[in-house]
Structure formats: structure tokens, C-alpha cells
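All values below come from the heavy atoms of this structure, side chains included, with hydrogens, waters and symmetry mates left out. Each chain gets a letter, A, B and so on, in the order its sequence line appears, and its residues count up from 1.
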Amino acid sequence: MPELPEVETIVRGLRPLVTGRRILDAELPSAGAKGSGSSVLRRILREPEWQNPGDFARAIRGASITGVRRHGKQLLFDLRLPNGQGATRTWLVHLGMTGRLTCENTPEARSPHTHLILSLDHPGRWLHYTDIRRFGRWQLLDVPDGAVCSLGPDPMEVGFPEFARLLRARRSMLKSLLLDQHFLRGLGNIYADESLFRARLHPAALAARLDRKQARKLYDGIRKTLRLAIAAGGSSIANYVDGLGNAGYFQHEHQVYQRTGDPCLRCGTRIRRMIIASRSTHFCPRCQRAGRPVHRPVHRPVHRATPLLRKGIA
DNA sequence: CGAGTCCTGTGT
DNA sequence: ACACAGGACTCG
């Protein structure tokens, strides 16, 4: 569910609530539950070193949270361990499709899909991790930026010359490229479609074939979309809420995402949906013509069209 | 590149 | 019953 604007909103909300706090206790309500033969937590805790989810809880219990950051779609909690001489770890959280991190005023699980409850040394504050589909992932990193540096630049930080250079090196379709975290980190299905609409570029256009002007429109389209989305607190469609449990409202400003068949807000043409990179892709066939692939018919018609038919086609 | 996989929930 | 959902990995 959460893409860059949602994760940024969560980080901004949680930062003042958890920075400087100590983790008094870590509970894993689903650790004992049976799911496909083993603990339902095994997947979220993808580290092989956590034979037992209790080891994870033990590892972070007593640690102090010294900072909260965003890296693409991932949240990073910097921890100072209790016993070591300033030993540190970074708890990496990827929320997948349905992950939530929220501050609650109770240590009781709010849902059967709550998988972690951290008690913080602040009266009335518990940090809950909830994830219905369990596509989320946690890692505990030794190095603050380890295992994370292979991703592409942050779209809000990259400069245009660098962006244009990266673009030129890619052969894939724009939609696939924007979803690729090794190209840019942070975009997902919503903001890829919304960015391409603002850039007026066809999602199936080939990256390497864009001229400088089109590359500029894409760059600007991405940044404007993300800036507006962050300002709106992200998009809440089914599951997303921020760290305080509040919904975002950028979904009301979506131009194309999940608007199949509705009129384009700019030209009135019906929004179309197609599948690219196995993902739903929404676009306006009139506003987003630039760079669209030429469709050559595989079979040539055996008979020429009659003049009357030609008229109809033209 | 596409297809399948991991999951649960919702809407037709 | 089926399609689809904000992500990302592996396979051929």
C-alpha cells in the first residue's frame, strides 16, 4: 500500500513521538499462531538468524530510538542498544501492501493481524505493527545503511542531469521503469501512473527514446506529483493510515489511478486501463500520446478496404 | 520481458 | 466463483 508519500507521512508523524524513547518491551502477538506450518512471523522476519521470533524481541528490548528515517518506501529506526558501549542497530521496516505502523494508547492488539507491539517509555504510547496480507518485511541491520544502498536515488533528491542520464541508459517502458526501485526509489503503482499523466507521456513509451524535453516533463511530473501527495498526507484507498491513524486525502486528487472509464479531468476522454509489468496501468489515451509505441498489425488485410470502409476508418 | 508466488479482504 | 488490490521476489 504505502509508496513514498505515505511512508514520508508516517515518518513525519512518528518522529516526534518515538525519537529519544526507549523500547521497554516488545510483544509478538502472532508469534505462536500457526500459519502454513510455522509461525506467521517467519516471513515478516526474513532474517534466518531469527530461529525464534522471541530472539528478535530480545534483540530490540531496552534499545533507545535515536532517529526515524525514510529510504524509498522503507522506514528505518536507528537504535542504540542498552548494554553495548554505544552499539547500534537499524530496524528496517517495509510495509508491503497492507502494513501499518501506528501509535496507539493501548497495549492490546487492535486486530488479529497485529504482529508487533512495542511499549515505549512514554506514558500511554504503544507502537503497533499491523499487516493483513503480510507482504511487509523487517530486518535488523548492523550498519545504518547496509542492505539498502543498492536502490536508485530518491526522486525528490536526484537532480535533472543525473535523472536524464539514468533514463537514457534504460530500454524498458516508462511504467516498468518507474516501478523499478533500482531506477528510482519510492514510486509505486499509484504515483507511477499519476506522474506519467502529469508528464503527458504514454506509459508504454520507451525510456531511452525520450528527448530532453520529454525527460524534463517526466522529471517535473514525478516531483510535482510526489510533492502534492506528501502535502495531502498520501492516498488512502483501503488500508493506509499514517502513524497517528489518520487517512490521507490525495486519493481525491487522483487524475487517472483507478479512474478507468471516467472522463479525463483535462480533456474528457475516457481513462483507459492496460496491463504493464503485470500491474494495472491507467492513462488518458489522448493526453498521453507522446512516445506511445506504434502498433503494426501483424497480418496485412488480404483485400483492400472498400472506399466506404476507408472513410469509416479515417 | 511475462508469469507465478506470497497473503487476506473486498467487490461484482 | 472470480477479479482485483498500494509490493517485490524468483523463475524461465
[X] side chain near [N] phosphate (N/O to OP1/OP2, under 4.0 Å):
X	N	result
H113(A)	dG9(B)	yes
K73(A)	dG6(C)	no
R279(A)	dG7(C)	yes
Q181(A)	dA8(C)	yes

Of the options [options], whose atoms approach the side-chain atoms of [X] most closely?
X	options	value
S235(A)	dA5(C), dG6(C), dG7(C)	dG6(C)
Q258(A)	dG7(C), dG2(B), dA5(C)	dA5(C)
R134(A)	dC7(B), dC1(B), dA5(C)	dC7(B)
R43(A)	dG6(C), dA8(C), dC7(B)	dC7(B)

With a 4.0 Å cut-off on heavy atoms, is [X] in touch with a base, just the backbone sugar-phosphate, or nothing at all?
X	answer
E6(A)	nothing
I237(A)	base
D131(A)	nothing
S176(A)	nothing
S236(A)	base
R273(A)	sugar-phosphate
T98(A)	nothing
Y257(A)	sugar-phosphate

When you measure from the centre of the six-membered ring of Y129(A), is the NZ or CZ of R100(A) under 6.0 Å away and within 45° of the axis?
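Geometry flag: not set, cation outside 6.0 Å or 45°.
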Are D131(A) and R134(A) close enough for a salt bridge, meaning some N to O gap below 4.0 Å?
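Judged by the 4.0 Å cut-off on N to carboxylate O distance, D131(A) and R134(A) do not form a salt bridge.
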E104(A)/R110(A) ion pair, N-O < 4.0 Å
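Yes, charged N to carboxylate O under 4.0 Å.
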What is the separation between atom [atom1] on [X] and atom [atom2] on [N], rounded to the nearest whole Å?
X	N	atom1	atom2	result
Q251(A)	dA5(C)	CD	P	17 Å
L151(A)	dC9(C)	CG	P	9 Å
Y240(A)	dT8(B)	OH	P	24 Å
Q74(A)	dG7(C)	CD	C1'	11 Å
D180(A)	dG2(B)	CG	P	13 Å
R100(A)	dG6(C)	CZ	C1'	13 Å
L4(A)	dA8(C)	CG	C1'	17 Å
I275(A)	dA3(B)	CD1	P	10 Å

When rounded to the nearest Å, what value does the distance between P atoms of dT5(B) and dC2(C) take?
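One P to the other, the span is 16 Å.
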Report yes if the ring of F135(A) lies under 5.5 Å from the six-membered base ring of dA8(C) with planes under 30°, and no otherwise.
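Stacking is absent between dA8(C) and F135(A), given that the ring centres and planes do not meet under 5.5 Å and under 30°.
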Please work out the stems of DNA chain B from pairs that are Watson-Crick or G-U wobble with both distances under 3.5 Å, keeping only runs of three or more consecutive pairs.
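Looking at DNA chain B, the stems formed by three or more consecutive pairs are B:1-6 with C:7-12, B:8-12 with C:1-5.
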Pick one: which of D25(A), L127(A), V18(A), L101(A) meets side-chain contact (heavy atoms from CB on, under 4.5 Å) with L118(A)?
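With L118(A) as partner, side-chain contact (heavy atoms from CB on, under 4.5 Å) holds for just one option, L127(A).
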Please check this pair: side chain of [X] against backbone of [Y], looking for a donor-acceptor N/O pair closer than 3.5 Å.
X	Y	result
Q255(A)	F197(A)	no
E194(A)	Y257(A)	yes
S236(A)	G248(A)	yes

Side-chain donor or acceptor of R133(A) under 3.5 Å from a matching atom on the base of dC7(B)?
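Indeed there is one.
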Only distances under 3.5 Å count here; give the side-chain donor-acceptor pairs of residues 221-228 of chain A to other protein atoms, sequence neighbours excluded, each with its distance to 0.1 Å.
residue : atom : partner : partner atom : Å
R223(A) : NH1  : P155(A) : O            : 3.1
R223(A) : NH1  : M156(A) : O            : 3.3
R223(A) : NH1  : V158(A) : O            : 3.3
R223(A) : NH1  : Y219(A) : OH           : 3.2
T225(A) : OG1  : R198(A) : NH1          : 3.2
T225(A) : OG1  : G221(A) : O            : 2.7

For residues 164-175 of chain A, which side-chain N or O atoms pair as donor and acceptor with protein atoms under 3.5 Å away, sequence neighbours left out?
residue : atom : partner : partner atom : Å
R165(A) : NE   : E162(A) : OE1          : 3.2
R165(A) : NH2  : E162(A) : OE1          : 3.1
R165(A) : NH2  : E162(A) : OE2          : 3.2
R170(A) : NH1  : D180(A) : OD2          : 3.4
R170(A) : NH2  : D180(A) : OD2          : 3.4
K175(A) : NZ   : N189(A) : OD1          : 2.7
K175(A) : NZ   : D193(A) : OD1          : 2.8
K175(A) : NZ   : S280(A) : O            : 3.1
K175(A) : NZ   : T281(A) : OG1          : 2.9

